[in-house]
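The structure under discussion appears below in the form of structure tokens.
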Amino acid sequence: MTPDTDNQANIAKPDNTPQLQAFRDIVESRRSVRRFTDTPIPDDVLADCLRLAMLAPNSSNLQPWEFYVIDNADSRKRAVKNCMNQNAAKTSARLIAVVARTDIWHGHAKQILREYPDTPVPKKVKDYYTKVVAMDFLRGPANVVSVAKWSAIQVVRRIKGPIKSPYYTFEDTKNWATNNTALAAENLMLALRAHGFDSCPMGGFDEPAMKRLLKLGDDHHIVMMIGAGERADNGVYNTQFRFDQTQFVHYV
């Protein structure tokens, strides 16, 4: 068999799921680990985990995320304090701030057109990133563009039917960025588990203090802090359980 044939054989299909058990093992063995050993995470392993994180699905491929790996000793000490001295932060081999950006959609739209893998860039792609994306995000001074967008959308809905709502406010854009960035964070945690390491996503931290430490601005939003490392024997505090899925799954 050729390498291409081998790759095709490994692609999951309904009647061929070669990675299913491995995926189950990764998801089911992932735990929020609160204590780690002294084993370091090699730079190449962390780089691969971050690469896999950034393959997460995201709206229009605008990739509104950044990852701050806090390795400097003094910065790390301050970051641990900002994480309320949680054991997951104190004992972690790597401490990572997962940050959503609300101010880079325009620059990333331009970058997509510069780096688009197919040349020439199809017209519909150019139009999407120069017109549709701009319509989605532009608000204008004092939100004057948002008001105009709202009025136009109401007219379209009455005449043509359902249409995607653009982002009218700063909070809309923040929700968009944080939702997309959270998807990348999950990829990162699963990648760490696949490499034999563990993680703990932390929402308990002083965000203003952490933003000052990392020199972040108003358009940076720390979605979570992630402590990562090798699981210690006493690293998992409680038995894992979930509510019955029928409580949450509704077929309509």
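- For the atom pair CD of Gln21 and CD of Glu28, the computed distance is 7.0 Å after rounding to the nearest 0.5 Å.
- Side chain of Thr119 to backbone of Val121: no donor-acceptor contact under 3.5 angstrom is found.
- The two residues Asn85 and Lys90 make their nearest non-hydrogen contact at O-CE, 3.3 Å.
- Within the structure, the side chain to side chain donor-acceptor pair (under 3.5 Å) test picks out no pair touching residues 177-187 (sequence neighbours left out).
- Using a 3.5 Å distance cut-off with no hydrogens or angles, the side chains of Asn87 and Tyr237 do pair a donor with an acceptor.
- Rounding to the nearest 0.5 Å places CG of Asn234 at 10.5 Å from OG1 of Thr37.
- Here CG of Asp198 is found 8.0 Å from CG of Leu192. Values are rounded to the nearest 0.5 Å.
- Pairing each heavy atom of Lys126 with each of Leu113, the nearest pair is CA-CD2, 3.9 Å.
- The line from NZ of Lys110 to NE2 of His106 is 4.5 Å long, rounded to the nearest 0.5 Å.
- The closest donor-acceptor contact from the side chain of Arg94 to the backbone of Val69 lies at 3.5 Å or more, if one exists at all.
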Self-check item: Worked check of side chain to side chain donor-acceptor pair (under 3.5 Å) between Asn175 and Glu171
Solution: CA-CA 6 Å; Asn175 288 339; Glu171 285 301 315; 5.2 Å; no
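- Here Leu188 contributes atom CG and Met224 contributes atom CE; the two are 9.5 Å apart, rounded to the nearest 0.5 Å.
- Looking at Asp71 and Arg76, no side-chain N of the basic residue comes within less than 4.0 Å of a carboxylate O on the acidic one, giving no salt bridge.
- Separation of atoms CD1 (Ile96) and CG (Leu50) is listed at 5.5 Å; rounding is to 0.5 Å.
- A continuous path of hydrophobic side-chain contacts links Trp105 to Tyr129 [ILVMFWY only; heavy atoms under 4.5 Å].
- Under the 4.5 angstrom side-chain criterion for Ile, Leu, Val, Met, Phe, Trp and Tyr, the cluster partners of Leu52 are Leu55.
- Hydrophobic clustering, with ILVMFWY side chains joined whenever heavy atoms are under 4.5 angstrom apart, keeps Trp65 apart from Ile112.
- Distance alone, capped at 3.5 Å, is enough to place a donor-acceptor pair between the Lys149 side chain and the Asp136 backbone.
- For the pair Asp48 and Arg51, the salt-bridge criterion is met [side-chain N within less than 4.0 Å of a carboxylate O].
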Practice problem: Take Val236 and Arg231, measure what side-chain contact (heavy atoms from CB on, under 4.5 Å) needs, and give me the verdict at the end. | Solution: CA-CA 8 Å; Val236 177; Arg231 182 182 308 194; 3.9 Å; yes
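- A donor-acceptor contact shorter than 3.5 Å links the side chain of Thr169 to the backbone of Asp172.
- Asn58 contributes a side-chain N or O that, together with a main-chain N or O of Ala56, makes up a donor-acceptor pair within less than 3.5 Å.
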Extract all donor-acceptor atom pairs below 3.5 Å that involve side chains of residues 200-208 and protein atoms in other chains or at least two apart in sequence.
residue	atom	partner	partner atom	Å
Asp206	OD1	Ala209	N	3.1
Glu207	OE2	Ile222	N	3.0

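- Of all heavy-atom pairs between Ile70 and Ala79, the closest is CD1-CB, 3.8 Å.
- Using a 3.5 Å distance cut-off with no hydrogens or angles, the side chains of Arg193 and Ser29 do pair a donor with an acceptor.
- A side-chain donor from one of Gln63 and Asn61 sits under 3.5 Å from a side-chain acceptor of the other.
- In this structure a side-chain-to-backbone donor-acceptor pair under 3.5 Å is missing from Ser75 to Asn72.
- The nearest pair of heavy atoms linking Asp219 to Phe170 is OD1-CE1, 3.8 Å.
- A salt bridge links Asp103 with Arg101: the closest approach of a Lys/Arg side-chain nitrogen to an acidic carboxylate oxygen falls below 4.0 angstrom.
- The shortest non-hydrogen separation linking Ser60 to Tyr128 is OG-OH, 2.5 Å.
- Side-chain atoms of Gln86 come within 3.5 Å of backbone atoms of Cys83 as a donor-acceptor pair (strictly under, hydrogens ignored).
- A donor-acceptor distance shorter than 3.5 angstrom exists from the side chain of Thr91 to the backbone of Phe36, with no hydrogens or angles considered.
- Aromatic ring orientation, Phe243 versus Phe241: perpendicular (interplanar angle above 60°, classes split at 30° and 60°).
- Using cut-offs of 30° and 60° on the angle between ring planes, the pair Phe137 and Trp176 is perpendicular.
- More than 12 heavy atoms of other residues, nucleotides or ligands shown are found within 6.0 angstrom of CG on Asp44.
- Contact between His220 and Tyr68 at its shortest, heavy atoms only, is CD2-OH, 4.0 Å.
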